[in-house]
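Taking it in order: structure first as C-alpha cells, then the write-up.
Here is how names work: the chains are called A, B, and so on, in the same order as the sequence lines, proteins then strands, and each is numbered from 1. Quick note: numbers below take in every heavy atom, side chains included, and nothing from hydrogens, waters or symmetry partners.
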Amino acid sequence: MLITYLRVFVVGGSICLIGQVLINTTKLTAAKILVIFLLSGVVLEVLGIYQHIIDFGHAGATVPIVGFGSLLAKGAMSAASERGILGAIAGGLETVSVCLSAVMVAGLLSGLIISSRTKK
Amino acid sequence: MLAGMMYMEDQRYLELIKQRAPKTRHLRTMIAAFFVGGFICCIGQAFNDLCAYFFPALNPSTIKQIVPLVLVVLATLLTCIGIYDKIGEIGGAGSIIPITGFANSIISPAIEHKREGIINGVCANMFKIAGPVLVIGIVASVLSGIIALVLKSVT
Amino acid sequence: MPASTIQLKSRVLIGAVATLAGPKESQGPLKKHFNKALRDDLLGLTSYELAESKIHESAIRYLLNKTNYMPQDIDLCIAGDLTDELYATNFAMRTLEIPFVGSFGACATYGAAIALAARIIDASVFKQRIICSVSSHFSTAERQFRFPLELGTQRTPLAQWTVTGAGAMLINKTEGRIRIESVTFGRVVDWGVKDANNMGGAMAPAAMNTMIRHFKDTRRQPRYYDLIITGDLGHTGALLLKQLMYERSYDLDQTNYTDCGVLIFDRETQKVEQGGSGPACSALVFNAYVYKKLLEGSIGRVLLVTTGALISKTSCLQKQSIPAIAHAVSFERI
C-alpha cells in the first residue's frame, strides 16, 4: 500500500521535475511545456514503453499530461486495429472525451459565475 | 559616439546581461516541482483506491476515467477560489504538468474573460492556452492510429 | 546647443502633483507619501480596465481640487497608460472637460508628457496650464501582456510588478517652487534583447543613450544632480545601466542614483522580483517622494529619466527584439 504511493509519488514527481528543468533552462511557457509532455506521451505509447511506466507508477504516470497523451495514442491505435481508418481518426478523441467534456462544462460554468481576482 | 548605436544586436551586451541577471533557483524550484507534482499524483491514486474500495462493482477502466474527472473538478474549484495560482507559484511544473494544470489552463482564461461576455469572452478564450495542446495531441493521436494501421497491414 | 536637449528659456513650474496608489503600493516603503491609498483595486466596478480609468480620473480630479481649478481652467491634458488604444485614459477623459492628447510611450509616458507640456508652456506667451497624467494597473497589464490572473505560473527572477495607481502633475508659468529646467527627448534604442521578462535589460541602453546625450548637450557631469532617478529599470536593469555608463566614463556610483522601480516596493517582503514597472511607477515615486524632497529642500536638482519598453504582444510572438525609449527631464528648486 505505502510502497504503491511511494512509487506514485516518485514517478509523478520525477516527470514534473523534468518539466521544471525544462522551464528553468529554456524559459518555455506553460502551453509549450504541456505540448511537449503530451507529445512525449504519444510517442512513448506508440513505442510501447509507456504501459510499463503506468504499471510501475500507477497514477504517477496517468495523472501527468503525459498520461493524457498516452491515452490519446492508445485509444487511436486500438480503435484503428478494430475499425480501420475511421477508428484511427476517432479513437484518440473518444478515449479522452469524458475528461474534455468535463473540462468544457467546468470552464463554461465557472466562467458564468466567477471573475478572476487580482494578485497580491 | 552615440551615432549608429541605436539598433543593433550587441552580443557583448547580451553577454553582460547573462552575467548580471539573477540566477534561477534551480534546486529549490526542482524540489518544489517534485513534491507538488508527486502529491497531486498521490491524490489521483487515492481517488482511484477509494473508488475501488467503496464501489467494488465498478471495473478498473471506468475508475480510470473517473479519476481525471475528479481531478479536473478539483482543479476547477481551486482555480475559482483563487488558490491554484498560488500553488502554481510554488510548484511550477509540478502544478502545470498534472491534469489539474491542464484544467487550470482552461478555467483561468475562461474566468478571466467573463467580462467580455459568454460567447466572445468565456467560450472564445477558454482554449487560449490549452487549444494548441489539444490540436497537437489529437493530430498526433490520428497519426499514431495510422501508424498502427500501417504496421498491421505490414505484418 | 544641439536640438537633442532643449533648455527652457522661461520659468516653467510644477504647480501641484497628485498620487493615487493601489493596495500593494500603499503597503510598500513609500506608503506614507501617497495622497490616497486604495484598499480595493477593482473599486467595485465591473472590470479592471474601468477601475484603472476611474483611478486615472480620480488622480486628475484630486489635482484639480488641490489647486482649486475647474476643468475649464486647464488648457490641455497630456496623458497615457499601457492598455490597448489607451482604454483607461480615454475613458477617464470622457467626464473631464479638458482638451486632451493621448500619449503612448509605454512606461516612459510620464517623462514624455512632462517634457512635451514644458516645451508647449515655454513656447507660449499666454498663461497656460497643462496637466500630465499617467496610470497603470497590475491586472490590466497582466492580462494584456502576460497570462490570465488565475493561471498557475511561476514569475521569473527577472520579472517586474506592474504598479497599480495614477499620478498627475500640473505645469504652469506662475505657481510653484520647482522649475523644469531642460528636457531631452529619447530615441528608440534596441540592442537585441528578446526576453519579454527582461525589460530592465532592454531599457538600460535607451536610458544610457538619453542620459549621455543630456550630459553632453548640457556639458554637465552626473555629479551636477543631487539625484538621478530612472523610471522602472528594476534592480538588475539599474546595475546594467551603471555598468554601461561606467564604460563610457560616467560613474553613477559617485552620484546619488536610484530607480523608481526599486524604491516603490520592498523586494525582500513583497515578492516583486526586480521591482515595480509601468507608467505609474515613475509617476508615483516622483510625485510622492522626489517632489516632496525637492520642496523640502533636501535636494535641489533632479534628473528624472523615465524608461519604456516598447513591446507589443504581436512583436513578441513574432520573435522580435524589444525596442526601448527613455525621456529625461531636469528639475530644479528655485
Side-chain angles (χ1 to χ4, degrees), chain A residues 4-5 8-17 19-24 30-31 33-35 37-39 42 45-46 58-60 62-65 68-69 72-73 75-77 79-81 84-85 87-89 91-93 98-99 102-104 106-108 110-112 114-117 119, chain B residues 24 26 29-30 33-42 44-45 48 64-65 67-69 71-73 76 79-80 82 85 92-94 96-99 101-103 105-108 110-112 114-115 118 122-123 126 129-130 132-133 136-138 140-142 144-149 152:
Chain A
T4 315
Y5 278 84
V8 171
F9 196 90
V10 169
V11 171
S14 306
I15 293 174
C16 296
L17 193 142
Q20 189 65 40
V21 172
L22 268 180
I23 291 180
N24 285 353
I33 291 285
L34 285 174
V35 167
F37 275 79
L38 187 88
L39 266 184
V42 173
E45 183 62 42
V46 171
H58 305 284
T62 52
V63 170
I65 194 85
F68 194 78
L72 275 168
M77 291 195 310
S81 58
I85 186 72
I89 293 169
L93 207 48
V98 175
C99 190
V103 88
M104 282 190 212
L108 187 60
S110 44
L112 288 178
I114 310 281
S115 283
S116 53
R117 268 154 297 180
K119 291 189 186 188
Chain B
T24 310
H26 283 284
T29 50
M30 276 156 64
F34 181 80
F35 277 94
V36 172
F39 185 68
I40 293 174
C41 293
C42 281
Q45 184 66 35
N48 188 70
K64 279 212 177 73
Q65 291 198 311
V67 170
L69 193 70
L71 286 176
V72 163
V73 172
T76 306
T79 306
C80 285
D85 63 319
I96 293 175
I97 290 171
I99 194 85
F102 179 69
S105 76
I106 292 168
I107 309 296
S108 62
I111 60 177
E112 177 83 18
K114 184 195 179 191
R115 296 170 176 121
I118 294 167
V122 177
C123 297
M126 198 185 280
I129 299 164
V133 183
I136 292 184
I138 288 167
S141 87
V142 173
S144 57
I146 291 171
I147 291 173
L149 272 185
K152 199 178 147 193

Determine the option with the most heavy-atom pairs under 4.5 angstrom with chain A, choosing from B:A110, B:G37, B:P98. B:P98

The interface call for B:I99 against chain A, heavy-atom contacts under 4.5 Å, is both

Mind ranking A:G92, A:G111, A:A30, A:G12 by heavy-atom pairs under 4.5 Å with chain B and telling me who comes out on top? A:G111

B:F35, CZ atom: more than 12 neighbouring heavy atoms under 6.0 Å: no

Which atoms of B:A140 come close to chain A, meaning under 4.5 Å heavy atom to heavy atom: side chain ones, backbone ones, both, or neither? both

Considering only heavy atoms, which portion of A:V46 lies under 4.5 Å from any heavy atom of chain B: side chain, backbone, both, or neither? side chain

Contacting region of A:I89 [heavy-atom separation from chain B under 4.5 Å]: both

Between B:L71 and chain A, with a heavy-atom cut-off of 4.5 Å, which part of the residue counts as in contact: side chain, backbone, both or neither? side chain

Considering only heavy atoms, which portion of B:I118 lies under 4.5 Å from any heavy atom of chain A: side chain, backbone, both, or neither? side chain

Donor-acceptor pair, B:Q45 side chain versus A:A59 backbone, under 3.5 Å? yes

What part of A:I23 is in contact with chain B, defined as an atom under 4.5 angstrom from a non-hydrogen atom: side chain, backbone, both or neither? side chain

Does B:E112 reach the main-chain N or O of A:S116 with its side chain, forming a donor-acceptor pair under 3.5 Å? no

Can you list the residues that meet the ring pair (Phe, Tyr, Trp, His ring centres under 6.0 Å) rule with B:F102, with sequence neighbours excluded? A:F68

Taking side chain as everything from C-beta outward and backbone as N, CA, C, O, which of these in A:L108 sits under 4.5 Å from a heavy atom of chain B? Side chain, backbone, both or neither. both

B:F39 atom CZ, over 12 foreign heavy atoms within 6.0 Å: no

At a heavy-atom separation under 4.5 Å, does A:V103 approach chain B through its side chain, its backbone, both, or neither? both

Tell me if a side-chain donor or acceptor on B:K152 pairs with a main-chain N or O of A:S81 at a distance below 3.5 Å. yes

Examine whether an atom of B:I146 lies under 4.5 Å from a heavy atom of chain A, and if so say whether it belongs to the side chain, the backbone or both; otherwise answer neither. both

Evaluation steps, side-chain contact (heavy atoms from CB on, under 4.5 Å), between B:V72 and A:C99: CA-CA 8 Å; B:V72 163; A:C99 190; 3.9 Å; yes

Which atoms of B:C80 approach chain A - backbone, side chain, both or neither, heavy atom under 4.5 Å: both

At a heavy-atom distance under 4.5 Å, which candidate from A:G87, A:G91, A:G84, A:G69 has the highest pair count against chain B? A:G84

Region of B:V142 that comes under 4.5 Å of a non-hydrogen atom in chain A: both

Part of B:T24 lying under 4.5 Å from any heavy atom of chain A: side chain

Quick check for you: among A:G60, A:A31, A:S110, which has the greatest number of heavy-atom pairs under 4.5 Å with chain B? A:S110

Region of A:L39 in contact with chain B, defined by heavy-atom distances below 4.5 Å: side chain

From the list B:I129, B:I138, B:I96, B:T79, the residue making the most non-hydrogen contacts under 4.5 Å with chain A is B:I96

A:L22 versus chain B, heavy atoms under 4.5 Å apart: side chain, backbone, both or neither? neither

Contact winner vs chain B - A:A79, A:S115, A:G75, heavy-atom pairs under 4.5 Å: A:S115

Answer with side chain, backbone, both or neither: which region of B:M30 has an atom nearer than 4.5 Å to a non-hydrogen atom of chain A? both

When heavy-atom pairs shorter than 4.5 Å are enumerated against chain A, which of B:I97, B:V122, B:T76 gives the highest number? B:I97

